[in-house]
Structures are given as C-alpha cells and as structure tokens.
Amino acid sequence: MADDGDHYRLAFDKPGTWSQKYNLVWDKLLRLDLFAPAVARKEIAYYKTKQNAFGLPLDNRSTYTKLDWILWTATLADNPSDFAALAEPAYRFAHESPTRVPLSDWYWTTDGKQRGFQARSVVVVVFIKMLADPRLWQKWRNRAKDGSRP
C-alpha cells in the first residue's frame, strides 16, 4: 500500500515521502519472510540516492540520522557493495565528526555534528552485520562456549 514507484512511502497518504525501513532487518535476520526480498532491494537502491556525506537521513523530514538504524538498514543489502555504500558514510562520521564526544548515535548527515545522545549502548549495533552471516556468528558463539580466545 505504501509503494511510491522507486521506494515505499513514510506515510501511506503522503506521496513523495520516504524513510529508512530499518526494522525490516529483523524480518531478514529472524527469517520471518513477512516481506518479499524485492522490498528491501527497492529500498536499498533508493537510499543510495538519498545519502549525504555522513550517511543516510532517517527520512525526508530532516537531515539527521541514527547510527544504529543506518547499520540495520545497510544489513538489508544483498551484496557487499550495497552494504558498503550505506555503511561507509557512517564510518566516516565516526572518524571525522567535528563533535569530539564518546560515539554519538544521533547526528547530522550533512556536517557530521552530534545532534544528541552520546556513549549509549545502542552503538553495539556496529556488530549487527555479523548476525546476518550465520557462519560468522556461529564461529564466535562456539568460541564463547568453549572459552577460547581469538
């Protein structure tokens, strides 16, 4: 119902609106198959056209974003190049932000400045891509079980 041609709308009754569909990641990771894979592919292609220097805005209403949600969204990508296209600007933010505080998860995508929040536990999401790779998470799960170290 939210199909807007090359993407899906933020609001059903608002053509031209868009937003990160970051919660689709749980459909993928938990293998629920509630949404066709084409939905994520369409969104990823559209998001690549909406990026700013420090990442993808949350939606069309403002240029701020959330680090965790960018990486959830990037994890929807079917291939490494699409993942990198969305994740690399977030990496750039973490390394080049002019706001020198413990890693913020809410920032402006145009200049990399902190919008709010800092040093929150949600930044652990930088590891979410690992959950999308069963061999990788199984490797670390097994190491944790047997107490071995890398």
Side-chain angles (χ1 to χ4, degrees), residues 1-138 140-141:
M1 289 176 24
D3 194 338
D4 209 21
D6 59 353
H7 70 284
Y8 293 88
R9 299 174 187 170
L10 167 64
F12 291 118
D13 63 338
K14 303 281 187 212
T17 61
W18 65 273
S19 66
Q20 288 187 45
K21 308 304 185 296
Y22 52 85
N23 278 321
L24 280 177
V25 76
W26 301 110
D27 189 54
K28 178 179 181 173
L29 296 179
L30 298 175
R31 296 180 180 92
L32 299 173
D33 300 323
L34 299 172
F35 295 89
V39 171
R41 282 194 295 275
K42 182 188 276 195
E43 287 294 288
I44 293 295
Y46 188 75
Y47 298 152
K48 290 181 353 182
T49 72
K50 295 298 179 183
Q51 295 221 93
N52 291 323
F54 294 95
L56 180 65
L58 286 178
D59 57 45
N60 61 277
R61 298 173 296 175
S62 185
T63 62
Y64 61 69
T65 197
K66 296 253 313 45
L67 178 65
D68 47 340
W69 291 345
I70 284 180
L71 295 174
W72 288 16
T73 297
T75 300
L76 293 171
D78 285 337
N79 60 68
S81 63
D82 283 347
F83 175 82
L86 292 172
E88 285 175 1
Y91 177 86
R92 179 177 179 212
F93 156 73
H95 286 272
E96 297 179 17
S97 173
T99 310
R100 306 314 304 164
V101 299
L103 189 59
S104 176
D105 61 301
W106 188 18
Y107 65 93
W108 298 102
T109 60
T110 52
D111 61 13
K113 291 181 180 176
Q114 176 186 18
R115 169 70 174 87
F117 308 148
Q118 67 189 43
R120 293 188 334 140
S121 59
V122 298
V123 297
V124 74
V125 78
V126 299
F127 299 108
I128 196 167
K129 181 68 172 158
M130 181 174 65
L131 294 176
D133 183 340
R135 286 179 292 175
L136 185 59
W137 65 255
Q138 190 66 43
W140 291 104
R141 180 175 177 253

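What you see is a predicted model; the values in this text were computed from it and never measured.
- When atom types are taken as modelled, the side chain of Gln51 and the backbone of Ala85 share a donor-acceptor pair closer than 3.5 angstrom.
- Taking both residues in full, the closest heavy atoms of His7 and Gly16 are given as NE2-C, 4.4 Å, listed atom of the first, atom of the second, then distance.
- More than 12 heavy atoms of other residues, nucleotides or ligands lie within 6.0 Å of CZ in Phe117, so this atom counts as buried by the packing criterion.
- By the side-chain contact (heavy atoms from CB on, under 4.5 Å) test, Gln118 pairs with Val101, Pro102, Gln114, sequence neighbours left out.
- In the displayed structure, Lys14 atom NZ is contacted under 6.0 Å by at most 12 heavy atoms of other residues, nucleotides or ligands.
- Closest approach of Gly55 to Ile70, counting heavy atoms only: CA-CD1, 4.1 Å.
- Within 6.0 Å of atom OH in Tyr46, more than 12 heavy atoms from other residues, nucleotides or ligands are found, so the atom counts as buried in its surroundings.
- Dense packing is recorded around NZ of Lys42, with more than 12 heavy atoms of other residues, nucleotides or ligands lying under 6.0 Å away.
- Shortest non-hydrogen contact noted between Asp27 and Asp33 is OD1-N, 3.1 Å.
- You'll find the side chain of Asn23 reaches within 4.5 Å of the side chain of Trp72, heavy atoms only.
- For Phe93 and Tyr107, the distance between ring centers is under 6.0 angstrom.
- Contact check for Gln138 versus Arg141: side-chain heavy atoms found under the 4.5 Å cut-off.
- The shortest side-chain heavy-atom distance between Leu71 and Val25 does not fall under the 4.5 Å cut-off.
- Here the side chain of Thr109 pairs a donor or acceptor atom with the backbone of Thr63 at under 3.5 angstrom.
- In this structure, Trp69 CH2 and Asp105 CG are separated by 9.0 Å, a value rounded to the nearest 0.5 Å.
- Listed by chain and number, the residues in a side-chain hydrogen bond (donor to acceptor under 3.5 Å, both in side chains) with Asp59 are Arg61 (sequence neighbours excluded).
- By the 4.5 Å heavy-atom criterion applied to side chains, Gln20 and Leu56 are counted as neighbours.
- Here the side chains of Leu86 and Tyr47 are in contact, with some heavy-atom distance below 4.5 Å.
- Asp68 has no carboxylate O lying under 4.0 Å from a charged side-chain N of Arg120, or vice versa, which leaves the two without a salt bridge.
- Contact record, Gly112 with Ser97: O-OG, 2.6 Å, taken as the closest heavy-atom pair.
- With contacts defined as side-chain heavy-atom distances shorter than 4.5 Å, the pair Asn52/Pro57 qualifies.
- A cation-pi geometry, defined here as NZ or CZ lying under 6.0 Å from the six-membered ring centre and within 45° of its normal, does not hold between Lys21 and Tyr8.
- Proximity of a side-chain donor or acceptor of Ser19 to a complementary backbone N or O of Leu58 within less than 3.5 Å is not detected.
- More than 12 heavy atoms of other residues, nucleotides or ligands sit less than 6.0 Å from atom CZ of Arg100.
- The heavy-atom pair separating Ala77 from Lys129 by the smallest distance is O-NZ, 4.3 Å.
- With values rounded to the nearest 0.5 angstrom, Leu131 atom CG is found 6.5 Å from Trp26 atom CH2.
- Summarising the geometry, atom CG belonging to Asp78 is positioned 8.5 Å from atom CD1 belonging to Ile44; distances are rounded to the nearest 0.5 Å.
- Under the 30°/60° scheme for interplanar angles, the aromatic rings of Trp106 and Tyr64 are found to stand perpendicular.
- To the nearest 0.5 Å, the span separating CZ on Phe35 from CG on Leu76 amounts to 11.0 Å.
- A distance of 11.0 Å separates CG of Asp133 from OG1 of Thr75, quoted to the nearest 0.5 Å.
- Closest approach of Asp82 and Lys48 over heavy atoms only: OD1-NZ, 2.6 Å.
- Atom OG1 of Thr99 and atom CZ of Arg115 lie 12.0 Å apart (nearest 0.5 Å).
- For the pairing with Arg9, the side chain to side chain donor-acceptor pair (under 3.5 Å) check across Thr17, Asp4, Asn60, Asp3 returns one residue only, Asp4.
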